[in-house]
Amino acid sequence: MMLLPFTLLALLPFHSVLSIITPTYNTHQYYVLEHDPSSHATPHQCAHALGAELVERLGELDNHWIVRTPKLRLEGRDTEDRVLAAWARLRARGSELVARSSEDLKARSISRSIKSLERQVVRQRTKRDDTLLLRHPQETEPLNSSMTEQLAHRLGIEDPIFMDQWHLSNDEFPEHMMNVTGLWEMGITGQGVISAMVDDGLDFESDDLAANFDAAGSYDFNDHVPLPKPVLWDDHHGTRCAGEIAAVKNNVCGVGMAYDSKVAGIRILSGPISDIDESSALNYGYQNTSIYSCSWGPPDDGKSMEGPSLLIQKSVLNGINRGRGGKGSIFVFASGNGASSGDQCNFDGYTNSIYSVTVSAVDYKGLHPYYSEPCAANMIVTYSSGGGKHIHTTDVGKDVCASNHGGTSAAAPLAVGVFALALSVRPDLTWRDIQHLCIATAEQINSEDPDWEPTFYGKPYSYKYGWGRLDAYRYVTAAQNWKLVKPQAWAEIQPIELSDAAMNETSGVMTGGELIIPGGITSSRIITAEFLQENNLETIEHVNVRVWITHARRGDVEVEITSPAGVKSILAGRRKFDQDINGFPGWTFMTLKHWGETGVGNWTIRVSDQENPEFTGHFLGWSMILWGSSIDPSKAVEYALPEKVMPLPPHDETITTSISEIASSTKVLIKPTQHLPGDHGTAEGEADKPSFPQDDEEAANPVPSEITSTPDEGYFTHITDLLSSNTWLFGSIAIVVAFGIGCTVFLWRRRVRRRRSEYAAVMAGDSMHMSSMERGIAGDSSTPRSKELYDAFGELSDEDDADEEMHLVRGHDPDLDGDYGSGGQAGAYQDNPRHMGGITEDDRAGHRSPATDSGDGSWDHASDAR
Ligand SMILES: *[C@@H]1O[C@H](CO)[C@@H](O)[C@H](O)[C@H]1NC(C)=O
Ligand SMILES: *[C@@H]1O[C@H](CO)[C@@H](O)[C@H](O)[C@H]1NC(C)=O
Ligand SMILES: *[C@@H]1O[C@H](CO)[C@@H](O)[C@H](O)[C@H]1NC(C)=O
Ligand SMILES: *[C@@H]1O[C@H](CO)[C@@H](O)[C@H](O)[C@H]1NC(C)=O
Ligand SMILES: *[C@@H]1O[C@H](CO)[C@@H](O)[C@H](O)[C@H]1NC(C)=O
């Protein structure tokens with residue numbers, strides 16, 4: 001209704017005039033310029049020489065500046081980038097040995113002042129809720145609430161859904177809950193701590209969150225307004241996660257783990273964003289905000305291998321070194337929901353970062369749900385959906401509750417809640433203490449699970465559960481008497497190169513290396529005690545292993561490392577759906593399994609594949625960083641990211657190209673899927689399967705390899721394969737039926753929704769358009785198709801919330817229907833129609849529009865900044 005005029009307006013020529021007033025990714029091309037502060041030219045002069053405009057400093061990063069140029073109307077994506085071309089010319093001119101003119105001198109001065117220049121592309125991050133997962137059976141069993149009822153009475157809890165919050169008090173399986181209520185009885189409720197939900201918004205007007213909302217630490221990087229209001233129809237995720245941490249103890253919905261702590265909302269998931277936004281988001285308000293709760297990441301499709309770009313790595317490190325007055329920001333990441341697709345959190349550069357606390361999930365019985373991703377970077381496990389139960393929490397709306405929150409998305413905020421409680425009693429804990437406490441207090445569950453393996457540290461480790469279940473009571477009481485750990489030290493082992501391996505730094509092409517033969521290729525390196533002493537390294541904590549491997553089918557490759565103590569870490573297990581042909585061009589893995597070892601002795605890496613004769617590859621080389629505690633704290637230094645990516649083999653010649661160009665060129669090749677793991681579709685969890693089976697049980701179940709369906713057939717290929725496996729026949733039938741019902745419901749609902757209100761249908765169209773457009777710009781060959789499937793299932797899964805949605809709509813001015821539509825992800829980037837149509841979200845909330853607002857931290861508004 002309202003939407004039609006908007007759409008028409010967007011076509012009118014005067015719109016382009018308006019959009020210059022409010023620059024967006026649509027109107028301008030953005031770049032990040034890294035400036036050398038010791039140089040002569042100022043950032044402003046550098047930008048000017050590039051023919052660009054200096055916007056402002058990037059977030060909290062020193063020497064990083066945002067610059068932009070208006071996009072030319074006819075500029076296609078294949079045309080040369082004017083700014084990068086200008087930089088190349090400056091470099092060429094400035095590098096001439098003899099300066100012939102003052103222009104040459106100036107070029108030299110400018111080109112020396114620019115350390116790197118990175119063109120920004122917008123990307124979409126994926127939420128880790130269970131919208132992708134097939135639905136679990138609905139909860140049927142009535143709770144025997146006697147214990148919980150008594151507890152509620154004793155603590156004066158009147159929140160109506162507290163009885164359903166089994167993660168706080170589990171009558172059925174009392175050993176499986178966060179065990180937080182004992183802390184509440186001690187008066188530990190999270191006072192004075194701020195956690196930020198880096199997510200799709202936070203409904204700060206909810207009666208269950210308003211009192212604990214921290215506006216100062218909040219910002220909306222999608223729409224560039226100060227407050228992270230959920231706007232899109234599926235912006236539920238951040239609010240639900242926030243409720244798990246800090247839902248107010250009152251008579252609305254439930255209670256949060258740390259119900260007197262504060263939550264801020266940093267909105268980044270409701271549309272594609274650039275690295276500038278993501279980088280700023282991860283440092284937003286980082287002196288006052290202690291914890292960043294991140295339940296998102298690259299797609300969990302079992303074929304992506306993606307990590308933070310260099311710029312984002314810099315802001316994470318900046319948060320670690322300078323956040324919270326130098327004690328370090330706490331980054332908590334959900335391990336990912338792709339286990340049923342064979343995905344592993346070591347293929348995700350956010351979850352396998354040494355700076356993240358990575359959290360996997362078990363269900364209310366303590367069983368491993370089929371989605372939760374295993375890997376050697378999993379630190380701890382908390383609770384989430386599975387076995388027919390979900391997480392109950394707050395939802396978007398004045399007093400709306402969610403009864404179906406789940407996925408590893410719901411597990412990570414429970415860990416955030418525990419850390420908020422710990423920091424409220426021990427604000428001096430550093431980011432390292434938070435991690436050490438996890439490992440020291442985590443508790444083994446399902447001790448019969450073959451995934452547990454002994455370690456040097458003295459307690460077993462599991463790829464599924466990390467060091468075990470996070471127990472709030474154990475964690476916080478241990479924190480109360482915790483002796484702070486020594487600062488970090490590290491020892492870097494330079495690349496070990498096999499058989500004339502080389503990687504062309506320009507093209508990324510890898511040559512040479514050892515052919516991976518049946519049984520695999522091993523390579524060893526002796527680490528001496530002297531070497532570790534020189535590096536001030538006392539004991540090992542995290543271990544990074546970087547590998548260069550070519551392979552015709554990446555998913556066949558297995559990588560494992562064995563430490564001198566005889567502990568083996570599987571870094572890469574087989575990924576059935578990963579048919580990428582680009583191998584591992586210097587991908588970095590991380591393992592926590594060697595925590596506490598000395599590190600001295602023979603480290604052996606083994607790279608093997610599945611003896612699939614038609615797919616072969618070469619192992620070119622590897623390097624390691626051993627991270628740990630320092631011997632002498634006074635000699636500890638802060639880690640800084642290397643100026644350039646270490647090439648293979650090491651070259652002497654200086655690299656003139658900025659490494660950010662290399663870093664952002666990661667390409668993901670998505671191909672159709674062929675296999676499906678056994679536990680998929682069974683809502684019941686398990687506790688008797690190793691994450692990485694060592695025998696060749698899959699080989700006994702050969703799958704026709706000639707299937708080469710197109711990406712959009714991917715889902716059906718799953719089904720076909722599934723049917724070929726007798727063992728899972730019953731599961732498959734259930735899935736097929738569920739799929740059919742799901743599709744029917746989806747289509748029916750979509751039709752109903754189209755009829756009910758126009759905006760939903762139009763929006764879906766817009767967002768698909770956007771996603772394909774965005775991929776086009778990024779030059780990324782990942783299939784837009786898979787994004788559509790994500791969208792489709794997202795909509796499907798939300799269907800059982802029909803009444804919630806009604807609340808949502810009812811809770812707002814009916815006039816805003818149009819606004820909802822235009823505030824969609826396309827709207828924010830394409831035409832910004834919300835500032836054209838009179839009524840905007842901001843007007844109602846009493847905020848000024850971005851065009852007039854300044855000093856709120858938005859770079860978009862700082863067009864006058866110099
Ligand atoms: C439920 O609670 C009652 C009363 O507290 C108790 O007697 C009974 O054993 C409980 N049942 C179960 C299944 O735990
Ligand atoms: C749970 O907390 C209680 C105190 O409320 C404590 O006695 C108990 O040991 C904790 N449970 C576990 C499994 O640590
Ligand atoms: C951080 O907290 C201090 C003290 O409460 C306050 O003065 C300051 O404005 C806050 N800063 C931000 C960015 O929220
Ligand atoms: C590296 O690749 C680039 C671009 O493909 C090519 O021009 C160059 O000659 C290659 N360098 C070497 C040493 O092979
Ligand atoms: C290191 O271990 C590997 C594998 O066990 C072995 O082949 C190699 O000889 C060892 N290296 C040394 C120097 O002991």
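What you are looking at is a predicted structure, and each value in this text was computed from that prediction instead of being measured.
A donor-acceptor pair under 3.5 Å is absent between the side-chain atoms of Thr289 and the main chain of Tyr286, judged by distance alone. No donor-acceptor pair under 3.5 Å is formed between the side chain of Asn251 and the backbone N or O of Asp159. At least one donor-acceptor pair closer than 3.5 Å links the side chain of Thr351 to the backbone N or O of Cys345. Of the possible polar contacts, none joining the Asp471 side chain to the Glu443 backbone as a donor-acceptor pair under 3.5 Å is found. Using a distance-only test at 3.5 Å, with no hydrogens or angles considered, a donor-acceptor pair links the side chain of Ser274 to the main chain of Ile276. Not a single donor-acceptor pair under 3.5 Å links the side chain of Asn170 to the backbone N or O of Met177. Between the Ser304 side chain and the Asp301 main chain, no donor and acceptor come within less than 3.5 Å of each other. The main-chain N or O of Gly201 is never found under 3.5 Å from a side-chain atom of Asp220 such that the two would form a donor-acceptor pair. Checked by atom type and distance alone, the side chain of Asn481 never pairs as donor or acceptor with a backbone atom of Ala478 at under 3.5 Å. Of the possible polar contacts, one joining the Thr382 side chain to the Ala411 backbone as a donor-acceptor pair under 3.5 Å is found.
A distance of 13.0 Å separates CD of Gln313 from CD1 of Ile320, quoted to the nearest 0.5 Å. With values rounded to the nearest 0.5 angstrom, Leu151 atom CG is found 5.0 Å from Ser169 atom OG.
At least one side-chain heavy atom of Trp482 sits less than 4.5 Å from a side-chain heavy atom of Asp433. Counting heavy atoms from C-beta on, the side chains of Met186 and Tyr473 come closer than 4.5 Å. Two residues are said to be in side-chain contact when any heavy atoms from C-beta on lie closer than 4.5 Å; His167 and Leu414 meet this criterion.
Under the 4.0 Å criterion applied to side-chain N and carboxylate O atoms, Glu684 and Lys365 are assigned as salt-bridge partners. Under a 4.0 Å N-O distance rule, the pair Arg123/Asp275 qualifies as a salt bridge. In this structure, Asp451 does not pair ionically with Lys464, as no charged nitrogen and carboxylate oxygen lie closer than 4.0 Å.
Looking at Ser315 and Asn283, their side chains never bring a donor and an acceptor atom within 3.5 Å of each other. When only modelled atom types and interatomic distance are considered, Thr358 and Asn378 share no side-chain donor-acceptor pair under 3.5 Å. There is a side-chain donor-acceptor pair under 3.5 Å between Ser409 and His237. Under 3.5 Å, the side chains of His390 and Asn404 contain no donor-acceptor pair of N or O atoms. Side chains of Arg125 and Tyr350: a donor-acceptor N/O pair is present below 3.5 angstrom, by distance only. Looking only at atom types and distance, the side chain of Glu686 has a donor-acceptor partner in the side chain of His368 under 3.5 Å away. Side-chain contact annotation: Tyr371 with Asp300, donor-acceptor N/O pair under 3.5 Å absent.
Counting only residues at least two apart or in different chains, salt bridge (Lys or Arg N to Asp or Glu O under 4.0 Å) contacts with residues 243-260 are absent. Here salt bridge (Lys or Arg N to Asp or Glu O under 4.0 Å) pairs that include residues 321-341, with residues two or more places apart or in two chains, are Asp62-Arg322. Contacts classified as salt bridge (Lys or Arg N to Asp or Glu O under 4.0 Å) and involving residues 328-347 (residues at least two apart or in different chains) are given here: Asp343-Arg575.
Residues Tyr219 and Tyr284 bring their aromatic ring centres within 6.0 Å. With ring centers used as reference points, Phe419 lies under 6.0 Å from Tyr475. Aromatic pair Tyr465/Trp452: centroids less than 6.0 angstrom apart.
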- Verdict with reasoning, His436 to Trp431, per ring-ring contact (aromatic ring centres under 6.0 Å, His included): CA-CA 9 Å; His436 274 263; Trp431 70 274; 9.1 Å; no

- Under the side-chain hydrogen bond (donor to acceptor under 3.5 Å, both in side chains) criterion, do Thr148 and Asp171 qualify, and how do the steps go? CA-CA 7 Å; Thr148 305; Asp171 284 314; 2.7 Å; yes

- Message: Show, in sequence, the C-alpha distance, side-chain angles and deciding distance for Phe173 and Trp166, and conclude whether the ring-ring contact (aromatic ring centres under 6.0 Å, His included) test is met.
- Response: CA-CA 9 Å; Phe173 296 91; Trp166 57 265; 9.5 Å; no

- Item | Pair Tyr364-Tyr383, ring-ring contact (aromatic ring centres under 6.0 Å, His included): steps then yes or no | CA-CA 7 Å; Tyr364 78 111; Tyr383 295 94; 9.6 Å; no

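Taking all atoms of both residues into account, the shortest heavy-atom contact from Ala415 to Ile380 is CB-CD1, 4.1 Å.
Stacking of Lys262 on the aromatic ring of Phe213 is not recorded, the 6.0 Å distance cut-off and the 45° axial limit not both being met.
The salt bridge (charged side-chain N to carboxylate O under 4.0 Å, His left out) with Arg267 is formed by just one residue from the set Asp235, Asp199, Asp200; it is Asp235.
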